[in-house]
Amino acid sequence: MNNINEAIDSFGRRLKYLRISVTDRCNFRCKYCMPNNDFHMLECDDILRYEDILFAAEVFSKLGVNRIRVTGGEPLVRKGIIEFLSKLTKIANINEVMVTTNGSLLYKYAQDLYNAGVKRLNISLDSLKPERNKYITGFDKTDDILKGIELASSIGIRPVKVNSVIIRDFNDDEIEDFANLAAKYNVICRFIEFMPIGNADDWGQDNIIYGDDIIKRLAKYEPVELPRDINSGPAVNYKLNNGGIVGIITPISNHFCSDCDKLRLTSDGKIRPCLLSDKEIDIKDVLKKRDEDMLINMIMESLDSKKDKHSVTDTEQKYDFKRTMSKIGG
Ligand code: SAM
Ligand code: SF4
């Protein structure tokens with residue numbers, strides 16, 4: 001039974017965290033995120049307006065949400081994003097607003113983000129090799145991304161996290177390079193297991209490099225596991241002997257569902273209770289009507305539908321999620 005004031009789900013997990021996708025548009029075309037055929041962008045009218053999202057955020061905050069991550073698509077390509085973020089950071093009870101970006105525009109926006117109240121950033125970067133980045137994302141923006149990472153770290157955004165999806169025979173030879181980047185730029189480099197979302201054809205158990213394997217490959221850096229803290233998120237972090245910190249995120253080999261305190265809001269106004277399940281609850285009309293009571297009911301319904309854990313690894317079934325990460329908000 002849920003308690004409205006605290007918004008607790010049927011497994012005792014307290015709702016604290018909301019991930020908002022502000023757009024499905026992106027200036028990259030990452031191979032594992034955007035399918036290479038039959039890909040349709042949402043119609044502009046179907047995308048929530050900033051006012052709708054701010055209303056949603058206020059209601060979520062009344063139910064106990066105190067951290068919000070803004071993602072996409074690429075959030076920095078949406079017009080008016082800085083102004084929106086400065087309003088979001090001012091909502092009562094929201095202690096932290098974080099942004100996940102591909103980093104390509106960060107060198108332009110890092111200071112504006114900081115001034116808007118965004119003090120934590122996640123940057124997705126799967127390779128440090130320009131030609132490989134071009135192959136993965138469709139563009140070679142490696143220098144711009146590194147410039148953005150360095151700038152964000154130097155102006156005091158803490159922590160800056162660099163997230164890399166590690167795929168066998170694709171970028172798994174760069175694990176040590178990222179460990180060195182962590183020390184060089186004073187950022188946390190996190191390695192994420194490849195998930196069956198997006199180009200499902202490319203996903204197979206053989207392509208996944210599991211977290212344990214990644215740590216073994218970092219043996220020469222003598223990784224020491226760090227205690228969990230509020231900033232760890234789903235990662236287990238390790239201190240390396242070069243001074244850097246890396247994190248391992250294992251949605252497949254060791255899911256962290258029991259600690260899941262979040263809901264996702266898609267850019268077209270659907271609550272997605274679990275990333276690895278296609279169930280969604282459409283709240284767009286209720287947001288447009290500013291119907292707070294109904295919205296609270298629908299948030300509680302969404303929370304109630306959260307399972308105790310995802311079932312992606314339970315069977316040999318091939319998963320083919322209807323939405324890509326760019327549409328869900330990764
Ligand atoms: N455009 C921004 C970015 O790239 O950081 C934010 C949105 S993107 C969908 C968020 C994250 O989802 C990225 O770090 C990306 O690598 C990750 N992602 C996309 N598809 C994935 C998959 N199949 N498995 C694991 N991570 C994935
Ligand atoms: Fe764009 Fe991010 Fe998806 Fe790459 S992972 S295509 S940058 S939304």
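Just follow the structure's listing: the first ligand is 1, and inside any ligand the first atom is 1. Values in this document were obtained by computation on a predicted structure and should not be read as measured data.
Checked against a 3.5 angstrom limit, the closest N/O atoms of Asn163 and ligand 1 fall outside it. Between Glu74 and ligand 1, at least one N/O pair is under 3.5 Å apart. Close N/O approach between Glu193 and ligand 1 is not found [any backbone or side-chain N/O within under 3.5 Å].
Taking only non-hydrogen atoms, the option from Cys26, Cys30, Gly73 nearest to atom 6 (C) of ligand 1 is Gly73. Counting only non-hydrogen atoms, the option in Cys26, Cys33, Ser104 that gets closest to atom 5 (S) of ligand 2 is Cys33.
Residue contact check for ligand 2: Gly72 places no non-hydrogen atom closer than 4.0 Å to it.
Put simply, the residue from Lys16, Arg67, Arg14 that forms a side-chain hydrogen bond (donor to acceptor under 3.5 Å, both in side chains) with Asp261 is Arg67. With Leu265 as the fixed residue, the side-chain contact (heavy atoms from CB on, under 4.5 Å) test singles out one of Ile283, Ile68, Asp52: Ile283. Screening Arg132, Lys129, Arg168 for a salt bridge (charged side-chain N to carboxylate O under 4.0 Å, His left out) involving Asp173 leaves a single residue, Arg132.
Ligand 1 places these atoms under 4.0 Å from at least one heavy atom of Gly72: 7 (C), 9 (C). Interface of Ser124 with ligand 1, defined as ligand atoms under 4.0 Å from a residue heavy atom, comprises 3 (C), 4 (O), 5 (O), 13 (C), 14 (O). For ligand 1, the atoms closer than 4.0 angstrom to any heavy atom of Thr71 are 6 (C), 7 (C).
For residues 100-129, no residue pair satisfies the ring-ring contact (aromatic ring centres under 6.0 Å, His included) rule, not counting sequence neighbours.
The 12-atom threshold is not exceeded at NZ of Lys184, counting heavy atoms of other residues, nucleotides or ligands nearer than 6.0 Å.
For atom 4 (Fe) of ligand 2, the set of nearby N, O or S atoms under 2.8 Å includes one belonging to Cys30.
The proximity of Thr101 to ligand 1, defined as any non-hydrogen pair under 4.0 Å, is limited to the backbone. Counting heavy atoms under 4.0 Å from ligand 1, residue Val165 touches it through the side chain alone.
In this model, a donor atom of one side chain and an acceptor atom of the other lie less than 3.5 Å apart for Tyr221 and Asn180.
Between the side chain of Ser153 and the backbone N or O of Tyr185 there is at least one donor-acceptor pair closer than 3.5 Å.
A salt bridge is absent between Lys216 and Asp212: the closest approach of a Lys/Arg side-chain nitrogen to an acidic carboxylate oxygen does not fall below 4.0 angstrom.
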